[in-house]
Amino acid sequence: MSELARTDPEIADVLEKERLRQLNGLELIASENIVSRAVLEAQGSIMTNKYAEGYPGKRYYGGCEYYDVAENLARDRLKKLFGAEHANVQPHSGTQANMAAYFSVMKPGGTLMSMSLSQGGHLSHGSPVNFSGQLFRIVPYGVDLETEVLDYGVIEAIARKEKPNVIVCGASAYPRTIDFKAFMEIAEAVGAYCIADIAHIAGLCATGVHPTSVNVTHITTTTTHKTLRGPRGGAIMCGKEFAQAVDKAVFPGMQGGPLMHTIAAKAVCFREALRPQFADYNRQIVKNCRVLAETLLDGGLRLVSGGTDNHLLLIDLSQQGITGLEAENALGCAGITVNKNTIPRETRSPFVTSGLRIGTPAVTSRGMKEAEMRFIGEKIVHVIRNIKDDAQTARVKGEVVAMASRFPIYPE
Ligand SMILES: *Cc1c(COP(=O)(O)O)cnc(C)c1O
């Protein structure tokens with residue numbers, strides 16, 4: 001019996017039930033992934049025991065000699081992975097990374113131009129319920145409502161009119177390639193700083209599967225737990241000229257002691273990402289997403305922008321007359337985990353929505369390939385077409401569990 005099971009059977013029970021949920025279900029939430037055992041080991045380690053405020057070689061506490069080694073490894077590996085001049089691996093999350101990036105180049109009251117949340121942006125890009133929307137004047141941009149892709153001409157016109165201090169690009173629900181160079185040129189034309197938030201597509205950018213923003217925009221922020229397949233956390237990359245401002249904005253600007261167990265796990269993740277297999281993995285994520293998109297289109301569903309270039313797609317359910325919420329619940333009952341999502345011409349509230357967001361990073365980590373994507377796509381179509389029929393949903397659940405359990409998460 002494990003120590004946890006002996007001392008805290010209630011939490012041990014939660015862990016076991018969650019393990020079975022992850023094993024038997026299909027995780028299609030585009031922002032999620034499954035980390036390696038090595039990442040789990042580093043994150044669940046004694047590196048959680050110590051304070052290490054400051055940076056390697058300049059800590060406010062004694063006894064940090066090994067912590068310095070871990071953080072330097074994390075920084076150096078991240079720089080190597082993206083070819084970045086400077087890296088900060090301390091942000092506790094992607095939102096914290098964005099906060100520090102904003103504060104490194106802009107004061108409260110400044111103007112932040114960003115993709116609106118309802119069209120694919122992120123909470124930390126200026127939502128009124130987030131610090132970003134409360135501390136900055138927000139100028140939103142969106143997608144073209146006909147093509148459902150970014151229109152750089154329109155974005156440039158907004159920037160010229162509004163003169164933002166910062167333009168942030170990058171999204172949580174955008175299925176197409178983002179032209180970071182175009183954003184940087186627009187920013188330069190209006191004297192703004194350009195921050196790319198590659199939280200979702202970091203793995204794709206690191207491996208050349210999507211064009212990178214590093215050394216293109218002024219600053220790049222990311223999470224480490226999405227396509228990078230590491231522990232939950234954030235990171236920032238930039239050129240030397242922003243290094244000091246970024247480091248100061250992270251600590252002491254908005255965080256105290258770094259989560260050194262997570263930083264050790266980030267280092268492990270970055271080493272894994274430097275291996276050639278990681279590029280194969282990211283190529284497979286995108287291949288899988290294309291096959292899933294084709295299967296859904298063949299099943300008569302409409303996809304926002306007509307398809308996908310990356311790891312995710314958006315289904316527009318308005319022609320089916322059902323809501324994102326209803327579809328999310330029905331698919332959940334069938335063992336397929338997805339999230340409801342607003343679509344460009346949304347008419348419903350964010351708690352109901354007309355769309356679904358679906359991503360392939362986690363199922364690709366389990367080793368699933370094109371054949372499994374066709375299976376998953378067919379099951380999604382079947383559940384949506386028979387949304388009122390609980391017996392059909394239950395039958396699909398049986399098939400999903402049988403398929404998923406052929407791809408164990410931690411086989412040993
Ligand atoms: C996921 C995400 C973040 C950060 O998320 P956290 O939950 O704060 O780690 C930031 N930006 C974008 C675009 C994201 O998708």
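Each ligand, and each atom within it, is numbered from 1 in the order the structure gives. What you are looking at is a predicted structure, and each value in this text was computed from that prediction instead of being measured.
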Open item on the list: As a test of reading the model: which residues have a non-hydrogen atom less than 4.0 Å away from ligand 1?
Closed with: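 Correct list: Ser93, Gly94, Thr95, Asn98, His122, Ala171, Ser172, Asp197, Ala199, His200, Thr223, His225, Lys226.
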TODO: Anything under 30° is parallel, anything over 60° is perpendicular, the rest tilted; go ahead and classify Phe103 against Phe136.
DONE: tilted
Task: Whether Phe131 and Tyr102 hold their rings parallel, tilted or perpendicular, with breakpoints at 30° and 60° - done: tilted
Identify every side-chain donor-acceptor pair in residues 14-21 under 3.5 Å, counting partners at least two apart or on other chains, and give the distances.
{"from": "Glu16", "atom 1": "OE1", "to": "Arg19", "atom 2": "NE", "distance (Å)": "3.1"}
{"from": "Glu16", "atom 1": "OE2", "to": "Arg19", "atom 2": "NH2", "distance (Å)": "3.0"}
{"from": "Lys17", "atom 1": "NZ", "to": "Asp13", "atom 2": "OD2", "distance (Å)": "2.9"}
{"from": "Glu18", "atom 1": "OE1", "to": "Arg21", "atom 2": "NE", "distance (Å)": "2.8"}
{"from": "Glu18", "atom 1": "OE2", "to": "Arg21", "atom 2": "NE", "distance (Å)": "3.4"}
{"from": "Glu18", "atom 1": "OE2", "to": "Arg21", "atom 2": "NH2", "distance (Å)": "2.8"}
{"from": "Glu18", "atom 1": "OE2", "to": "Gln22", "atom 2": "NE2", "distance (Å)": "2.7"}

Task: Cation over ring face, Arg229 and Phe278, 6.0 Å, 45° - done: no
Open item on the list: Pairing donors with acceptors under 3.5 angstrom, does anything connect the side chains of Thr364 and Asn288?
Closed with: yes
Task: Test log, rule salt bridge (Lys or Arg N to Asp or Glu O under 4.0 Å), inputs Arg160 and Glu156 - done: CA-CA 6 Å; Arg160 285 191 185 279; Glu156 179 174 357; 2.8 Å; yes
